[in-house]
**Student:** 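Questions regarding the structure given below will be posed in turn.
In listed order, ligands and their atoms are each counted from 1. Since we're looking at a predicted model, the values are computed, not measured.
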Amino acid sequence: MRKKIIAGNWKMNKNLEEGMALASEVVNMVKDEYQGSAEVVLIPPFTHISAVSKIISDASNVFSGAQNCSNHASGAYTGEISTEMLKSAGASYIIIGHSERRQYFGEHNDWLAKKVDAVLGSGLNPIYCCGETLEERESNVHFGVLETQIKEGLFHLNESQIAQVVIAYEPVWAIGTGKTASTAQAQEVHAFLRNLISNQFGSNIANNITIQYGGSVKADNAKELFSAPDIDGALVGGAALQSRSFVDIIKAMA
Ligand code: 13P
């Protein structure tokens, strides 16, 4: 059975003290209230990963992650952070190619493919993001856009590497807008993505790869989204900044 993963991407929010408080609350609430099988991942800013990783260390189903990384292993790259640094801070997952990185920081698929390699090279799991803009959806080119993002970012991998990858479908028009994709829209894309993976890597790998949905996931729409056969969890932004709303989303996953 494929892994279900609910991840909270804190983006550039919370100072260290606030982040530690949020992580402690989530861990305690998950311990007390959640009996399901999903993995929970907390993805704070870089500066908090070490502290958050210590806070979650005794919860077997809670992990930490990073929002980005360098594609280089080490050296004179001022301001960059390597996958080995993130691993040593306790991170298990690294988000690659979030639409905000693509949009505001010019990250392209060829560069993201190298970041995926760096993450895998350190034995960590990339959460590779894809998603179309509103304009692309309205002009009906979204399947082509998604296909290019997946092919250029992931198709160079071998079978054992792709098995370590989590895919997150995050339609840009649904991020932070309160406008969630309908369950039918999300399911349609998730099935399309799984089919792409199947054609390239075979049905066994495709059936086992986790595909998360992201974009205005809230406690009140999570259950319906999670009922779709190809939606294996969520990458949550705004609603992950409060323990109650985040844990309610986790509890929507059996
Ligand atoms: P929101 O949940 O705030 O729409 O953000 C989604 C997201 O970008 C998670 O990576």
**Student:** Under a 3.5 Å cutoff, is there a donor and acceptor pairing between the side chains of Asp117 and His156?
**Tutor:**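 Judged by distance alone, the side chains do pair up.
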**Student:** Does the N or O separation between Thr177 and ligand 1 drop below 3.5 Å for any pair?
**Tutor:**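 N/O-N/O distance below 3.5 Å does not exist for this pair.
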**Student:** Applying salt bridge (Lys or Arg N to Asp or Glu O under 4.0 Å) between Glu39 and each of Lys4, Lys3, Arg2, report the one that passes.
**Tutor:**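 Of all the options given, the one that passes is Lys3.
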**Student:** So do Asn109 and Arg102 actually touch side chain to side chain, heavy atoms under 4.5 Å?
**Tutor:**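 Arg102 vs Asn109: side chains touch.
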**Student:** Any N or O on Val236 sitting closer than 3.5 Å to an N or O of ligand 1?
**Tutor:**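 No: no nitrogen or oxygen of Val236 is under 3.5 Å from one in ligand 1.
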**Student:** Is any side-chain heavy atom of Ile81 less than 4.5 Å from a side-chain heavy atom of Cys69?
**Tutor:**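 Not touching, per the 4.5 Å side-chain cut-off.
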**Student:** Which residue in the set Leu157, Ile127, Asn125 passes side-chain contact (heavy atoms from CB on, under 4.5 Å) when paired with Val165?
**Tutor:**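 Single pass found, and it is Leu157.
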**Student:** Fit a plane to each ring of His72 and Tyr77, take the angle between them on a 0 to 90° scale, and name the class: parallel (under 30°), tilted (30 to 60°) or perpendicular (over 60°).
**Tutor:**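 It falls in the parallel class, under 30°.
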**Student:** What atoms of ligand 1 come closer than 4.0 angstrom to any heavy atom of Gly176?
**Tutor:**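 Counting from 1, the qualifying ligand atoms are 1 (P), 3 (O), 4 (O).
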**Student:** Check this for me - ligand 1, Leu235, N or O atoms closer than 3.5 angstrom, yes or no?
**Tutor:**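 In fact, backbone or side chain, Leu235 has no N or O that close.
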**Student:** Can you report which non-hydrogen protein atom sits closest to atom 9 (C) of ligand 1, along with the distance?
**Tutor:**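 Going atom by atom, the protein heavy atom closest to atom 9 (C) of ligand 1 ends up being Glu170 OE2, 2.9 Å.
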**Student:** By number and element, which atoms of ligand 1 are closer than 4.0 Å to a non-hydrogen atom of Gly238?
**Tutor:**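 Counting from 1, the qualifying ligand atoms are 1 (P), 2 (O), 3 (O).
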**Student:** Can you find an N/O atom of Ser216 closer than 3.5 Å to an N/O atom of ligand 1?
**Tutor:**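 By distance alone, the answer is yes.
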**Student:** Looking only at the side chains, is there a donor atom on one of Thr183 and Glu224 sitting less than 3.5 Å from an acceptor on the other?
**Tutor:**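 Indeed, the side chains of Thr183 and Glu224 share at least one donor-acceptor pair under 3.5 Å.
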**Student:** May I ask you to list the atoms of ligand 1 that are less than 4.0 angstrom from any heavy atom of Asn9?
**Tutor:**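 Matching atoms, with element in brackets: 9 (C), 10 (O).
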**Student:** Where is the nearest protein heavy atom to atom 2 (O) of ligand 1: which residue, which atom, and how far?
**Tutor:**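 Closest protein heavy atom to atom 2 (O) of ligand 1: Gly237 N, 2.9 Å.
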**Student:** Within the structure, does Gly215 bring an N/O atom to less than 3.5 angstrom of an N/O atom in ligand 1?
**Tutor:**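 No, since none of the N or O atoms of Gly215 sits under 3.5 Å from an N or O of ligand 1.
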**Student:** For the residue pair Pro229 and Gln187, establish whether any side-chain heavy-atom pair is separated by less than 4.5 Å.
**Tutor:**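 Result yes, sub-4.5 Å side-chain heavy-atom pair found.
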**Student:** Determine whether Leu196 and Leu146 make a side-chain contact, defined as any pair of heavy atoms from C-beta on separated by less than 4.5 Å.
**Tutor:**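 Contact flag for Leu196/Leu146 side chains = no.
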**Student:** Which bit of Ala174 gets closer than 4.0 Å to ligand 1, counting heavy atoms only: side chain, backbone, both or neither?
**Tutor:**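 Looking at Ala174 and ligand 1, just backbone atoms fall under 4.0 Å.
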**Student:** Starting from atom 5 (O) of ligand 1, locate the nearest protein heavy atom and write down its residue, its atom name and how far away it is, to 0.1 Å.
**Tutor:**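 Going by distance alone, atom 5 (O) of ligand 1 is nearest to Lys11 NZ, 3.3 Å.
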**Student:** Does His98 reach ligand 1 with a nitrogen or oxygen that is under 3.5 Å from one of the ligand's nitrogen or oxygen atoms?
**Tutor:**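 Indeed, backbone or side chain, His98 has an N or O that close.
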